[in-house]
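Here is the structure we will look at.
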Amino acid sequence: MALKATNPTTTNAWKKLQAHFETIKSQHLKDLFSADAERANDLTVKWEDFYADFSKNRITTETLDLLVNLADELELKDAISKYFDGDVINATEGRAVLHTALRAPKDAEVFVDGENVIPEVHQVKNKIKDFTNLVVNGDHKGHTGKAITDVVNIGIGGSDLGPAMVVDSLQFYKNQLTTHFVSNVDGDHHKEIIKNLDPETTLFVIVSKTFTTQETLSNANSIRAWFLESLPKEAVSKHFVAVSTNIESVKNFGIAEANIFPMKDWVGGRFSLWSAVGLSISLALGYEHFESLLEGAHKMDEHFKTADFKENIPVISALLTVWYNNFFQSESEAIIPYTQYLNQFATYLQQGIMESNGKSVDRDGNRVNYQTGTLIWGEPGTNSQHAFFQLIHQGTKLIPTDFIGYVESLYGNKDHHNKLMSNYFAQTEALMNGKTEAEVLAEFKGGAMSEEVISKLVPFKVFEGNKPTTSLLIQKLTPESLGKLIAMYEHKIFVQGIIWNIYSYDQFGVELGKQLAKSILAELQDEKTKQHHDASTSNLLDFYKVNC
Ligand code: F6P
């Protein structure tokens with residue numbers, strides 16, 4: 001069954017939120033805390049090893065009630081059932097959206113076109129497990145009889161970002177294999193990676209859902225040519241495997257069927273790390289850790305499906321985005337993990353969130369008359385504090401920020417961890433409270449500076465505060481807790497799309513540039529192929545051709 005299509009701004013709940021916004025927009029978070037002693041408890045959700053504190057957001061319990069009313073009026077509950085049950089909610093591509101089925105237990109039942117997909121999901125997982133064990137144990141030998149030491153994932157977008165982020169984030173749990181990621185069509189990218197590799201001990205995993213992506217096929221072809229400079233054609237079967245839905249094209253590339261890890265078209269690229277696309281994760285961490293990642297995600301799926309919306313971490317998180325984006329008119333959201341391990345997390349979420357919800361046409365095909373997808377950015381703390389935090393504290397833009405922190409560090413260095421986490425806590429407090437003129441003046445008191453100089457400096461030293469943050473405090477970075485965290489953002493994306501009445505699971509916006517690049521490439525490769533361009537592009541092309 002299709003998703004309903006209602007313009008959210010026409011609902012009663014939206015109108016009530018608009019009126020409520022007028023009463024709350026200039027209230028300071030400090031005052032909201034003073035007015036309600038229970039606020040911190042009431043606006044915190046504790047679930048498993050997650051402590052999600054939403055109380056430093058510019059809301060009251062009434063705001064949350066109204067936002068939940070909005071979700072109810074837009075039939076979020078019904079949409080969630082359709083999402084998990086395999087309805088064709090990616091209507092513009094005619095597909096179900098079932099990354100959740102990839103982490104469902106063996107005895108679950110999820111039907112696509114009348115067929116339960118779970119047995120096949122587990123068949124592929126077994127294939128991943130068996131192959132992983134052979135490679136990690138050294139039983140899968142290369143053509144010359146040597147064990148594999150290096151794994152190179154060749155893919156882009158969802159076929160790169162998810163596996164790359166997870167492998168980097170969970171490097172503490174890695175085995176002896178060294179993992180590399182080649183994504184950019186920039187020929188210098190793969191050259192830099194293969195220059196130190198020994199083809200005899202390297203396994204290449206070509207990942208492309210469609211197996212038509214220019215970047216991935218160019219890199220795969222160039223790398224295979226480099227490989228064949230030192231090893232014969234028969235060696236390819238020991239060193240190249242592929243993950244794709246397009247089995248025929250993979251075979252045409254020269255990879256035997258036994259070396260193909262299939263995936264289904266109901267797995268979107270940016271949600272595919274749970275599928276065979278996660279093969280590099282399994283190889284790098286070992287299958288058990290890959291399984292724990294999936295188990296964590298499944299636990300979050302259950303939380304999302306069953307928890308009351310007022311106790312539901314992804315739902316509240318998504319509704320807050322709507323609140324800031326559509327009422328406060330804020331345009332971006334920052335994601336700041338207080339662990340260096342999650343260095344690639346914001347980059348990964350940029351595809352997940354912006355490719356999904358960067359849409360301006362609603363589910364009826366009309367242009368929306370309200371804002372949709374937000375800009376996503378971020379870097380780990382404390383590094384980001386020394387880079388862009390100035391703008392979050394004292395700039396003119398309102399930037400709701402997620403702070404992700406861990407109670408335990410992985411190597412157990414308490415001294416460093418306390419320093420790291422004191423920054424995590426301090427920043428959210430500083431962003432909320434700010435610093436008043438009186439506080440600034442008090443700091444100058446008793447110092448050597450003249451009254452005149454002080455009064456000139458004061459405005460620059462004042463912090464307005466009232467900057468909203470969400471604090472996610474997780475016990476420890478493990479494969480399971482990372483699975484939960486990623487799934488939390490996946491469901492947040494879904495809820496946003498339902499509220500904004502858009503289709504979150506297509507990505508037509510990336511096609512136009514790809515098409516034009518193809519025809520321009522033909523021009524660059526063949527002097528006789530001339531096309532009409534605007535004056536700017538013509539000049540640029542001429543300059544490039546003359547000088548290259
Ligand atoms: O950038 C568009 C896109 O289709 C992404 O959605 C996808 O993750 C990426 O390209 C790679 O696609 P494929 O896995 O088919 O090579």
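Numbering of ligands and ligand atoms starts at 1, following listing order.
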Fill in: SB check E331 K397 (cutoff 4.0 Å)
no
Practice prompt. Answer yes if the ring centres of Y406 and Y338 are under 6.0 angstrom apart, and no otherwise.
Written response: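 Not close enough - the centres of the two rings lie 6.0 Å or further apart.
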Worksheet item: Do the two ring centres, one from Y489 and one from F345, sit under 6.0 Å apart?
Response: yes
Worksheet item: If you measure only the distance, is there a donor-acceptor pair under 3.5 Å linking the side chains of W266 and N90?
Response: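 W266 vs N90: no donor-acceptor pair found between side chains.
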Practice prompt. Quick one, list the residues around ligand 1 where some non-hydrogen atom comes in under 4.0 Å, by chain and residue number.
Written response: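 Shell around ligand 1 (4.0 Å, heavy atoms): I156, G157, G158, S159, S208, K209, T210, T213, G269, Q351, E355, Q507, V510, K514.
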Item to complete: Can you run down the ring-ring contact (aromatic ring centres under 6.0 Å, His included) pairs that involve residues 183-208, sequence neighbours left out, and say none if there aren't any?
Response: F204-F240
Worksheet item: Is it true that a side-chain atom of S244 and a backbone atom of N246 form a donor plus acceptor pair closer than 3.5 Å?
Response: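 Pair found, side chain donor or acceptor close to backbone of N246.
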